[in-house]
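The shown structure was predicted, so the numbers you read here are calculated from the model rather than taken from an experiment.
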Amino acid sequence: MTPDDHARAAADLLQAERTGKQIGLLTLRYPDMGMDDAYAVQNAIYRQKLAEGRKVIGWKIGLTSKAMQHALNIDIPDSGILFDDMAFDNGGRVPAGRFIQPRIEAEIAFVMKSSVGGENVTREDVIAATDYVAPSIEILDTRIQRVDPKTGKARTVYDTISDNAANAGIVLGAERHAIDAFDLRWVGALTFRNGEIEETGLGAGVLNDPIKSVVWLARRMTQYGQSIEPGQIVLSGSFIRPIECPSGAKIHADFGAFGSADITFA
């Protein structure tokens, strides 16, 4: 892909977000598309959103579970950008029509008190840079078709990364914990939709340690001259499968002693 291709793909994705009409798979349009191309498209979206007045409030890490990596035939996570208009109040309501095909995941969120970055970032560096951890819900959406209707081809990780790693929103629970207050590998969530349990999981599903996930992000960002900054939120990765959220869905993520997070879709 050329820089013009990256810019065109980013413009199409932004248009899809504004209109609520999905575009076709980028990997069909650009068969030679690779990982660097995908992040270049994401970066073009990032630049345009900044130009429109958006602010970065953090980062999300995806594809941290073995099951999701195997499904997409990759062996590394991916990442996306959290913007200020993606933050929803705990217990709040997502307006009707805000998203195209929303889904949610339960995650442990890290909120940083100091910057962290560099190719040699360690687990200890992330621990030292973390202000607190909290229960959270990530809202996913897709501005790209999940499956091409003509060929039956499913979107790939390159489509997803281009689409800001399918990121759409974040809900932080009210509870705040020191990073060493819990063994994060054993922090789990019971996730309910309309009062019925849909998914369960443990933090260990995230690379065997959610802190390790943040280490991966800090190191990856170095390739792009970026770092995780003070005050930013990092969604460390889901330990449940995505839950579909049609109109009227009420989501409750119960993290036990760690807290909870709630969101309703109008």
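Not counting sequence neighbours, the partners of Arg193 by the salt bridge (charged side-chain N to carboxylate O under 4.0 Å, His left out) test are Glu198. Evaluation of the salt bridge (charged side-chain N to carboxylate O under 4.0 Å, His left out) rule for Lys49 yields Glu17 as partners, not counting sequence neighbours. Residues passing the salt bridge (charged side-chain N to carboxylate O under 4.0 Å, His left out) test with Asp85 are Arg54, sequence neighbours excluded. For Ala168, the side-chain contact (heavy atoms from CB on, under 4.5 Å) partners at least two apart in sequence or on another chain are Phe99, Ile139, Asp141, Arg143. Evaluation of the salt bridge (charged side-chain N to carboxylate O under 4.0 Å, His left out) rule for Arg8 yields Asp5 as partners, not counting sequence neighbours.
Residues in residues 129-140 take part in these salt bridge (Lys or Arg N to Asp or Glu O under 4.0 Å) pairs, two or more places apart or across chains: Lys60-Glu138. The side-chain hydrogen bond (donor to acceptor under 3.5 Å, both in side chains) pairs that include a residue from residues 199-211 are Arg123-Asp209, Arg185-Asn208, Glu199-Arg241, where partners are two or more places apart or lie in different chains. For residues 13-41, every residue pair satisfying the ring-ring contact (aromatic ring centres under 6.0 Å, His included) rule, not counting sequence neighbours, is listed here: Tyr39-Tyr224. Note on residues 164-184: pairs passing side-chain hydrogen bond (donor to acceptor under 3.5 Å, both in side chains), not counting sequence neighbours, are Tyr132-Arg176. For the salt bridge (Lys or Arg N to Asp or Glu O under 4.0 Å) condition, no pair includes a residue of residues 92-102, sequence neighbours left out.
By the 4.5 Å side-chain criterion applied to Ile, Leu, Val, Met, Phe, Trp and Tyr, Leu202 is assigned to a cluster that also includes Trp186.
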Pair Asp12-Arg29, salt bridge (Lys or Arg N to Asp or Glu O under 4.0 Å): steps then yes or no: CA-CA 12 Å; Asp12 289 348; Arg29 189 193 304 182; 2.9 Å; yes

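Looking at Thr222, its side chain does come within 3.5 Å of a backbone N or O of Gly118 through a donor-acceptor pair.
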Donor-acceptor contacts, no H, no angles, side chain residues 247-255, under 3.5 Å, sequence neighbours left out:
{"residue": "Ser247", "atom": "OG", "partner": "Ala266", "partner atom": "O", "Å": "3.0"}
{"residue": "His252", "atom": "ND1", "partner": "Asp262", "partner atom": "OD1", "Å": "3.4"}
{"residue": "His252", "atom": "ND1", "partner": "Asp262", "partner atom": "OD2", "Å": "2.7"}
{"residue": "Asp254", "atom": "OD1", "partner": "Gly256", "partner atom": "N", "Å": "2.8"}

